[in-house]
2 protein chains.
Amino acid sequence: MKGKTDKKLEQKNIKPTAMRQLVYEILEKQKKALSLYEIEQQFDNVERSTIFRTLKTFQDNYLIHSIDDGTGAVKYALCDDDCTCKPDDLHIHFLCNKCGQTHCMKDMPVPKMDLAEGFSFENANFVVKGICPNCR
Amino acid sequence: MKGKTDKKLEQKNIKPTAMRQLVYEILEKQKKALSLYEIEQQFDNVERSTIFRTLKTFQDNYLIHSIDDGTGAVKYALCDDDCTCKPDDLHIHFLCNKCGQTHCMKDMPVPKMDLAEGFSFENANFVVKGICPNCR
DNA sequence: AAAACTTTGCAATACTGTTGCACGTACTTA
DNA sequence: TAAGTACGTGCAACAGTATTGCAAAGTTTT
């Protein structure tokens with residue numbers, strides 16, 4: 001019988017290799033978004049580039065989304081099951097200025113803005129920074 | 001008689017050296033936000049690190065603000081005269097996915113969000129991406 | 001003009017992300 | 001099942017941006 005992880009991967013047309021299962025489970029276990037480096041730390045002897053490509057595959061298949069929170073390292077977090085990373089799926093992210101953790105605020109969609117004449121909207125990145133509940 | 005640039009710099013307590021005047025004028029001339037590299041290109045033989053430190057000085061004194069638009073290079077743009085880079089001064093930035101130029105939407109403040117219990121708001125980065133009027 | 005401080009240039013380095021290549025595993029098909 | 005093909009992984013090298021230490025040059029103060 002196939003595991004839950006395998007099903008999730010196959011749902012998004014990703015062949016479930018050992019590596020991919022592990023990376024997926026690391027992301028699932030965390031409530032927060034993780035950087036490539038942070039994921040790498042969870043392994044003993046795995047190549048950065050392998051994880052990098054695993055994340056790229058995940059991203060290409062809408063299993064995860066990436067967040068540039070301004071800390072210098074891109075972070076990654078699981079998408080919702082039905083997410084296709086379209087504008088309507090966008091949500092706000094919160095970076096704690098103290099602990100550096102980045103959280104997905106999945107219940108807070110990125111507000112639609114009325115742009116000036118001639119500007120079209122394709123995508124957005126909205127990161128709110130402050131102090132998280134754990135750090136006060 | 002002192003030039004306009006000197007006054008602007010002194011208004012923000014920045015000693016107006018030749019380098020600083022030039023960097024300021026480059027930023028002023030442009031409508032858009034510029035990366036360190038783009039500024040470097042406007043000179044013949046100036047050190048990256050010097051510009052870097054010049055920009056840092058400008059930023060520490062609220063003369064410019066930096067924008068991380070997700071392109072990998074931080075960009076810089078002049079603040080309004082009375083800006084102190086507090087939450088109320090924040091505005092949206094627009095990155096054109098075609099030409100890569102980043103514009104300050106100074107008339108569009110970053111919307112205040114009601115964060116979940118326990119999260120405090122200190123700062124925000126809101127970048128909207130799409131196609132700009134020049135590229136359609 | 002000497003001392004103290006600031007700014008600049010050079011060189012080196014850190015960090016993150018990214019790619020080429022070779023090897024091995026898994027899948028396909030005859 | 002054996003040969004052929006496609007895919008995934010590890011290693012190594014590299015690219016781009018940001019950043020720092022140090023010394024020389026310039027500026028301000030006394």
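Proteins get letters first, then strands, A, B, ... in listed order; numbering begins at 1 in each. What you are looking at is a predicted structure, and each value in this text was computed from that prediction instead of being measured.
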Quiz: residues 21-34 of chain A side-chain donor-acceptor pairs under 3.5 angstrom, not counting sequence neighbours:
{"residue": "A:Gln21", "atom": "NE2", "partner": "A:Asp6", "partner atom": "OD1", "Å": "2.9"}
{"residue": "A:Gln21", "atom": "NE2", "partner": "A:Pro16", "partner atom": "O", "Å": "3.4"}
{"residue": "A:Glu25", "atom": "OE2", "partner": "A:Thr5", "partner atom": "OG1", "Å": "2.8"}

Rounded to whole angstrom units, what separation is found between the CD atom of A:Glu47 and the P atom of C:dT19?
-> 15 Å

Give every pair of a protein N or O atom and an N or O atom of nucleotides 17-28 of chain D that lie under 3.5 Å apart, one pair per line with the distance.
{"residue": "D:dA18", "atom": "OP1", "partner": "B:Val74", "partner atom": "N", "Å": "2.8"}
{"residue": "D:dG21", "atom": "O6", "partner": "B:Arg53", "partner atom": "NH2", "Å": "2.9"}

Quick one: B:Glu38 CD to D:dG16 C1', roughly how many Å, whole number?
-> 14 Å

Less than 3.5 Å apart, which donor and acceptor atoms pair up between the side chains of residues 121-128 of chain A and the rest of the protein, not counting sequence neighbours?
{"residue": "A:Glu122", "atom": "OE1", "partner": "B:Asn97", "partner atom": "ND2", "Å": "2.6"}
{"residue": "A:Asn125", "atom": "ND2", "partner": "A:Asp68", "partner atom": "O", "Å": "3.1"}

Separation of B:Asp68 atom CG from D:dG16 atom P, in whole Å?
-> 18 Å

Atom pair distance, as rounded to whole Å: CD in A:Glu40 and C1' in D:dC11 | 13 Å

With sequence neighbours left out, what residues match B:Ser66 under side chain to side chain donor-acceptor pair (under 3.5 Å)?
-> B:Gln59

Contacts to DNA chain D from residues 17-27 of chain A, heavy-atom cutoff under 4.0 Å, which residues?
-> A:Thr17, A:Met19, A:Arg20

Report the residues that fulfil side-chain contact (heavy atoms from CB on, under 4.5 Å) with A:Asp88, sequence neighbours left out, ordered by chain and then residue number.
-> A:Lys112

ILVMFWY clustering at 4.5 Å (side-chain atoms), partners of A:Ile131 | none

From CD of A:Gln41 across to P of C:dC15 the rounded distance in Å is 12 Å

Gap between atoms CD1 and P, on A:Ile14 and D:dG8 respectively (whole Å) | 10 Å

Who pairs with B:Arg53 by salt bridge (charged side-chain N to carboxylate O under 4.0 Å, His left out), at least two apart in sequence or on another chain?
-> none

Would you find a donor on one side and an acceptor on the other, under 3.5 Å apart, between the side chain of A:Asp89 and the backbone of A:Cys83?
-> no

Sort and list the pairs that fulfil ring pair (Phe, Tyr, Trp, His ring centres under 6.0 Å) and have at least one residue in residues 37-92 of chain B, not counting sequence neighbours.
-> B:His65-B:His91, B:His65-B:His93, B:His91-B:His93

